[in-house]
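Please read the structure below before turning to the comments.
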Amino acid sequence: MTQIPPRAPAGPECFVRLVDADKVEAVRSKMPGDSDVADLAVIFGLLSDPGRVRILIALLEGEMCVCDLAATTGLSESGVSHALRLLRGPRVVSVRRSGRMAYYSLADSHVRMLLDLGLTHVGHTGQDRLRMVGSAHAP
């Protein structure tokens with residue numbers, strides 16, 4: 001019978017459980033509350049879907065209706081409506097009604113900043129952003 005050697009730890013082990021108590025306390029004192037962390041996790045979860053991200057990138061250029069968002073992103077109108085319903089709950093997008101039409105926009109400058117920072121992080125700025133939106137539905 002072959003014996004399997006014990007597995008080595010995947011990474012360095014902490015032999016001392018608290019190295020810098022002052023730093024730990026300083027960081028803990030600045031840590032947001034549980035509900036704020038949960039709300040942020042919801043927003044990042046919403047941003048995990050490429051279709052929803054395309055919609056938000058399109059809205060960087062200003063308010064749009066569902067039909068125009070569908071044409072811009074290559075998603076179905078039903079898919080866009082569903083995504084917008086999810087994005088309205090945590091106030092990522094807002095809606096303005098004009099008669100029977102509904103126009104969607106980014107909820108506030110914080111959402112715009114989050115998207116701009118994310119796009120900058122992945123290397124897409126300025127005109128690259130518009131090309132990315134336009135190519136989202138290209139074959």
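It should be emphasised that the depicted structure is a prediction, and the values quoted were computed from it without experimental measurement. These values consider heavy atoms only, across backbone and side chains, with no hydrogens, waters or symmetry-generated copies.
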Applying the 4.5 Å side-chain criterion to the ILVMFWY set and letting contacts propagate, would [X] and [Y] be lumped into a single cluster?
{"X": "V95", "Y": "L75", "result": "yes"}
{"X": "V66", "Y": "Y103", "result": "no"}
{"X": "V93", "Y": "M113", "result": "no"}
{"X": "L69", "Y": "L86", "result": "yes"}
{"X": "Y104", "Y": "I43", "result": "yes"}

Give, for atom [atom1] of [X] and atom [atom2] of [Y], the distance between the pair rounded to the nearest 0.5 Å.
{"X": "E61", "Y": "D68", "atom1": "CD", "atom2": "CG", "answer": "13.5 Å"}
{"X": "I55", "Y": "L87", "atom1": "CD1", "atom2": "CG", "answer": "6.5 Å"}
{"X": "H82", "Y": "S78", "atom1": "NE2", "atom2": "OG", "answer": "8.5 Å"}
{"X": "L59", "Y": "L84", "atom1": "CG", "atom2": "CG", "answer": "7.0 Å"}

Q.
According to salt bridge (Lys or Arg N to Asp or Glu O under 4.0 Å), does anything in residues 26-52 pair up with another residue at least two apart or in another chain? List the pairs.
A.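 Not a single pair qualifies under salt bridge (Lys or Arg N to Asp or Glu O under 4.0 Å).
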Q | salt bridge (Lys or Arg N to Asp or Glu O under 4.0 Å): pairs with one or both residues in residues 91-111, sequence neighbours excluded | A |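 Counting only pairs at least two positions apart or across chains, the salt bridge (Lys or Arg N to Asp or Glu O under 4.0 Å) contacts touching residues 91-111 are E63-R96.
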Q. Quick one: does L60's side chain get under 4.5 Å of D116's, heavy atoms only?
A.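 L60 vs D116: side chains touch.
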Q: Taking all non-hydrogen atoms of both residues into account, name the closest pair between S48 and P50 and its distance.
A: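 That would be O-CD, 3.6 Å.
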Q) Which heavy atom in A58 sits nearest to a heavy atom in T72, and how many Å separate them? A) CB-CG2, 4.0 Å
Q) Can L114 and F44 be said to form a side chain to side chain contact (heavy atoms under 4.5 Å, CB included), step by step? A) CA-CA 10 Å; L114 183 61; F44 280 123; 4.3 Å; yes
Q: Look only at the side chain of S98 and the backbone of M101, and say whether a donor-acceptor pair between them is shorter than 3.5 Å.
A: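 Not confirmed, S98 side chain does not pair with M101 backbone.
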Q. Hey, mind stepping through L106 and L115 against side chain to side chain contact (heavy atoms under 4.5 Å, CB included) and telling me if it holds?
A. CA-CA 10 Å; L106 299 177; L115 289 168; 4.0 Å; yes
